[in-house]
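Naming convention: chains lettered A, B, ... in sequence-line order (proteins, then strands); numbering from 1 in each chain.
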There are 2 protein chains.
Amino acid sequence: MPGTKASEAIRREQILNAAYRVAVHRGLQGTRIQEVAARAGVSHGLVLFYFKSKRGLLLAVLDRLLATTTILHVGEDIRMIASPIESLLALLRQEMDRLSSEPQRIRLTFDYWTAGIRDREIRLKMRTEFQRYRDAFFPLASDVLARDPERFHGVTPMGLAAVSVSFINGCAIQAMLDPAFDIAQHLLAAENLLQFMHGAVVA
Amino acid sequence: MPGTKASEAIRREQILNAAYRVAVHRGLQGTRIQEVAARAGVSHGLVLFYFKSKRGLLLAVLDRLLATTTILHVGEDIRMIASPIESLLALLRQEMDRLSSEPQRIRLTFDYWTAGIRDREIRLKMRTEFQRYRDAFFPLASDVLARDPERFHGVTPMGLAAVSVSFINGCAIQAMLDPAFDIAQHLLAAENLLQFMHGAVVA
DNA sequence: TTGAGTATTGAACTCGCAGTCAATAGATTC
DNA sequence: GAATCTATTGACTGCGAGTTCAATACTCAA
């Protein structure tokens with residue numbers, strides 16, 4: 001009855017792929033090992049053989065999700081912008097575009113986020129990931145503060161970075177459930193807010 | 001074997017109270033009817049008798065959660081502030097304070113939010129609630145835009161209101177899992193951002 | 001006090017799914 | 001081609017939880 005054999009690496013990859021798709025489709029709680037196995041074209045026994053438990057499988061899916069998440073990339077074009085505030089604006093725009101382009105991934109990420117409330121291991125992984133994301137904002141935030149230290153008296157670069165992340169997260173949340181969510185309008189509003197700041201700096 | 005009898009209203013209230021506390025503690029998926037019944041001091045059969053199903057119970061808990069959510073309240077003090085932007089700032093501060101003061105409620109809300117991805121009925125309830133919340137920002141947002149229509153060219157009041165909500169949601173998300181999340185720093189950063197805007201307006 | 005009506009119970013049923021493991025067939029080696 | 005190895009299977013187990021419902025005890029009106 002056993003089917004064709006394959007190397008461990010290939011099988012794990014197959015199963016993880018399947019698990020990811022099922023998790024995206026059904027949610028974390030709704031993910032059943034049977035369905036993952038069916039999608040991967042193996043028996044459910046094999047899934048448990050490789051990942052030991054459902055929890056192990058979902059943790060592996062989380063690792064994969066985080067590993068394949070596009071790390072915040074501050075491209076050459078953004079770095080070339082002379083004004084720090086306009087750079088930050090460009091980065092926010094980029095990230096919001098990315099959010100709207102992969103809704104499924106975002107939904108799954110939030111699913112893990114919620115699960116992290118009650119699961120220590122998930123929580124730690126998520127926390128690490130978000131810290132990394134926030135840290136990527138750090139240099140730009142520093143530049144912004146350095147340009148006008150007096151106005152931002154008391155604000156730390158990490159504080160400003162965190163606020164940027166908050167804004168992006170908040171947009172993601174609204175975009176997740178609200179079909180009428182207007183990304184363009186959000187971008188426009190954010191843009192104007194930051195232009196506002198820029199105007200103040202220049203003046 | 002039946003215990004003391006009570007009116008329907010009292011029993012529903014008892015059970016809902018218990019269900020809410022269990023849901024807060026265990027999460028939506030982790031809520032078991034047995035535990036709810038135990039907390040309410042009734043049999044699990046009675047819980048099903050009144051709420052028909054677990055789903056029915058959780059929907060009732062959601063109704064209760066939303067009904068008892070403090071509706072965004074723009075107090076006299078805030079309305080008295082002459083500058084629209086400073087009013088908005090005060091409102092953001094108020095809401096962030098509120099977030100940090102009831103973390104359990106926020107967590108449960110996000111739990112339903114996640115569930116809403118796959119459950120149409122929950123989704124609709126959540127959507128309605130968030131729209132109401134967003135609408136409450138509308139008047140203030142309008143005032144802000146009216147004060148300087150040219151700079152905000154193209155931005156709608158609803159757009160600005162949505163951005164405000166995004167910011168608050170984003171803060172809530174970070175605060176939920178990150179123990180080191182610095183509300184004070186967030187407030188400070190937000191405050192400075194808005195002061196910035198205010199300075200531009202005055203200038 | 002009694003009887004009807006009903007709120008309440010809890011045993012029993014069902015169902016789905018995670019996890020186990022001995023058997024097995026494909027691969028590999030000599 | 002035989003022997004060995006091991007990846008793979010699928011039947012089996014057990015449990016946890018939602019749901020059902022007939023029995024039961026409380027309430028209240030007559």
Side-chain angles (χ1 to χ4, degrees), chain A residues 1-63 111-112 115 118-122, chain B residues 1-62 111-112 115 118-119 121-122:
Chain A
M1 299 166 183
T4 320
K5 296 186 176 182
S7 78
E8 174 171 336
I10 290 179
R11 273 288 129 89
R12 291 184 75 91
E13 192 59 21
Q14 273 184 358
I15 296 173
L16 272 183
N17 266 332
Y20 175 78
R21 284 186 296 166
V22 173
V24 156
H25 198 229
R26 304 278 191 196
L28 283 191
Q29 305 284 346
T31 298
R32 281 163 289 132
I33 290 183
Q34 281 285 5
E35 191 173 352
V36 171
R39 275 219 199 206
V42 299
S43 70
H44 84 277
L46 198 63
V47 174
L48 269 310
F49 175 78
Y50 277 115
F51 293 93
K52 192 180 120 242
S53 68
K54 179 181 180 178
R55 178 184 154 77
L57 176 64
L58 291 180
L59 282 174
V61 169
L62 176 56
D63 283 338
D111 220 337
Y112 275 108
R118 267 117 202 153
D119 186 309
R120 178 184 153 84
E121 202 163 348
I122 291 178
Chain B
M1 299 173 186
T4 322
K5 295 188 178 183
S7 78
E8 172 169 339
I10 290 178
R11 276 285 127 91
R12 293 185 74 92
E13 193 59 22
Q14 272 184 357
I15 296 173
L16 270 183
N17 266 332
Y20 175 79
R21 283 185 296 164
V22 172
V24 156
H25 198 230
R26 304 277 190 196
L28 283 191
Q29 305 284 345
T31 298
R32 281 165 290 132
I33 291 182
Q34 282 284 5
E35 191 173 351
V36 172
R39 273 219 201 207
V42 299
S43 70
H44 75 279
L46 197 62
V47 175
L48 270 309
F49 174 78
Y50 276 114
F51 293 94
K52 192 179 121 242
S53 67
K54 179 182 180 179
R55 179 184 153 78
L57 176 64
L58 290 181
L59 283 173
V61 169
L62 175 56
D111 221 337
Y112 274 108
R118 267 117 203 153
D119 186 308
E121 202 163 349
I122 291 178

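Nearest approach of A:Val47 to A:Ala37, heavy atoms of both residues: CG2-CB, 3.8 Å. Pairing each heavy atom of A:Gly27 with each of A:Asp111, the nearest pair is CA-OD2, 3.3 Å. In plain terms, the two heavy atoms of B:Thr31 and B:Arg26 that are nearest each other are N-CB, 4.2 Å. Between B:Ala115 and B:Leu28, the closest heavy-atom pair is CB-CD1, 4.0 Å. When all heavy atoms of A:Arg11 and A:Leu46 are compared, the pair lying nearest together is CD-CD2, 3.7 Å.
Closest to the side chain of A:Thr4, from the set C:dG10, D:dT9, C:dA27, is C:dA27.
To the nearest 0.5 angstrom, B:Leu57 atom CG is 9.5 Å from B:Arg12 atom CZ. The distance from atom CD of A:Glu121 to atom CZ of A:Arg55, rounded to the nearest 0.5 Å, is 5.0 Å. Once rounded to the nearest 0.5 Å, the distance linking CZ of A:Arg32 with NZ of A:Lys54 reads 9.0 Å.
Side chain B:His44 to base D:dG18: no donor-acceptor pair is found below 3.5 Å.
Sorted by residue number, the members of residues 7-42 of chain A with any non-hydrogen atom under 4.0 Å from DNA chain C read A:Thr31, A:Arg32, A:Ile33. If you check residues 45-56 of chain B against DNA chain D, the residues with a heavy atom closer than 4.0 Å are B:Leu48, B:Ser53, B:Lys54, listed by number.
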